[in-house]
Chemist: 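Let me begin by handing over the structure; questions about it come next.
From a predicted model like this one, the values you see are computed outputs, not experimental measurements.
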Amino acid sequence: MARPKSEGFSYCQQDTDTFFDPKIMGLIASHGCEGYALWDYIKMAAYREHGFFVEWDEDRTELAAYHLRLSTEKIGLILNYLLRRSLLCCIERKTCTSRSGVKVLTSHGIQKRFQSMAKDCRRTYRVDREIWILSEEETLDCIQVTQKPDFYGKNAFNSGKNPFNSGENPQSKEKNRKEKNNSRRPRVRADSDTDRDDGLSERESEILAFCRDALQGKALDLREKKMILDAAAGMPYDQTAEAICIAMDYGAETADYLAKVIRTQRDKPERRMKGVDIT
């Protein structure tokens, strides 16, 4: 019996200048090797499974967390960054057979690489117009773009909805977080006496670890730790992390500035700093 034809590829091409791309440099500066690992993981899954996209939901988030030894909260943070920086785009997919909550992750780069590999392999692909984001001029002859009548899609990122906002279901997220406490890798660095977070809750430790990443690994002294945690008092972790991302977008260099932005987002959550897209 002949083997069924696979949608994806068993290998993929890779540029040699990936690490010198300004967007990738920014990703690594913001989220370290963990950010790059998740971005590469999503690309490989897309090429392997469907060729140019990967389906994503809560189950897939937990699988990625297991494979990469990251927390689901960290996965959400990195995904938000990838979407904001246009390294990925998210399309909400609803078909007659699709289970609820499934979204499609793809990107301009993934699709260009996909069609290049399809051409090299002399394959012809039929793709859904709703999830094919390349223009007609960019699309090669080996790609046939079709429209399925039972397919509905919208760009959940551009519509202003954050598809990876882990605050949408706090009860479920809190339950999952507690169940994974014993298996999750510690998110705290302890390279020096001033960089230790002994006696703090997991939430507080993660906030301080994220702040250190935002400051390029700079150690925080006791005064700075207290200032940041006081600013974040009463805020959900996701809201605090979003505030730190805003500060990073503005080139935060000091703990005082981080605390100021966190405090502003705590007291005036409806405020969005001009020029920063945090959808």
Chemist: Out of curiosity, does Met25 fall in the hydrophobic cluster containing Ile78 (side-chain heavy atoms, cut-off under 4.5 Å, transitive links)?
Modeler: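 Cluster IDs for Ile78 and Met25 differ.
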Chemist: Please work out which of the three classes, parallel, tilted or perpendicular, describes the rings of Phe53 and His50, given edges at 30° and 60°.
Modeler: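 The arrangement is parallel - the two ring planes meet at less than 30°.
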Chemist: Tell me if the CD atom of Gln144 is crowded by more than 12 foreign heavy atoms within 6.0 Å.
Modeler: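 Count over threshold, so yes.
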Chemist: Does a side-chain N-to-carboxylate-O contact under 4.0 Å join Arg212 and Glu206?
Modeler: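 Answer for the salt bridge query: no.
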Chemist: Quick one: salt bridge (Lys or Arg N to Asp or Glu O under 4.0 Å) pairs with a partner in residues 13-26, sequence neighbours left out?
Modeler: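 Only Asp15-Arg113 qualify under salt bridge (Lys or Arg N to Asp or Glu O under 4.0 Å).
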Chemist: Examine the side chains of Gln111 and Thr106 and answer whether a donor and an acceptor come within less than 3.5 Å of each other.
Modeler: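 There is such a pair (donor and acceptor under 3.5 Å, judged by atom type) between the side chains of Gln111 and Thr106.
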Chemist: So, for Leu215 and Ala252, which heavy atoms are closest and what is the spacing to 0.1 Å?
Modeler: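 Shortest heavy-atom separation between Leu215 and Ala252 comes out as CD2-O, 3.9 Å.
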Chemist: Donor-acceptor check, side chain of Arg266 to backbone of Ala231, threshold 3.5 angstrom: yes or no?
Modeler: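 Such a contact is found between Arg266 side chain and Ala231 backbone.
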Chemist: Does the ring centre of Phe114 sit less than 6.0 Å away from the ring centre of Tyr125?
Modeler: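 Centroid separation for Tyr125 and Phe114: below 6.0 Å.
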Chemist: Taking atom CG of Asp256 and atom CZ of Arg223, what is their separation to the nearest 0.5 Å?
Modeler: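 Answer rounded to 0.5 Å: 4.5 Å.
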Chemist: Taking the cut-offs as 6.0 angstrom to the six-membered ring centre and 45 degrees off its axis, would you call Lys112 and Phe52 a cation-pi pair?
Modeler: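 Cation-pi check for Lys112 and Phe52: fails.
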Chemist: Look at the side chain of Asp128 and the backbone N and O of Ile131, then say whether any donor-acceptor pair between them is shorter than 3.5 Å.
Modeler: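 No, the answer is negative, given that no donor and acceptor are paired below the 3.5 Å cut-off.
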Chemist: I need the Glu138 CD to Ile143 CD1 distance, nearest 0.5 Å.
Modeler: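 Those atoms lie 12.5 Å apart.
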Chemist: Can you measure from CD1 (Ile228) to SG (Cys211) and round to the nearest 0.5 angstrom?
Modeler: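 SG of Cys211 is found 4.0 Å from CD1 of Ile228.
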Chemist: Got more than 12 heavy atoms from elsewhere within 6.0 Å of OH, Tyr11?
Modeler: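 It does: Tyr11 OH has more than 12 such atoms within range.
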Chemist: Quick one: list whatever passes salt bridge (charged side-chain N to carboxylate O under 4.0 Å, His left out) with Lys226, sequence neighbours left out.
Modeler: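 Lys226 satisfies salt bridge (charged side-chain N to carboxylate O under 4.0 Å, His left out) with Asp230 only.
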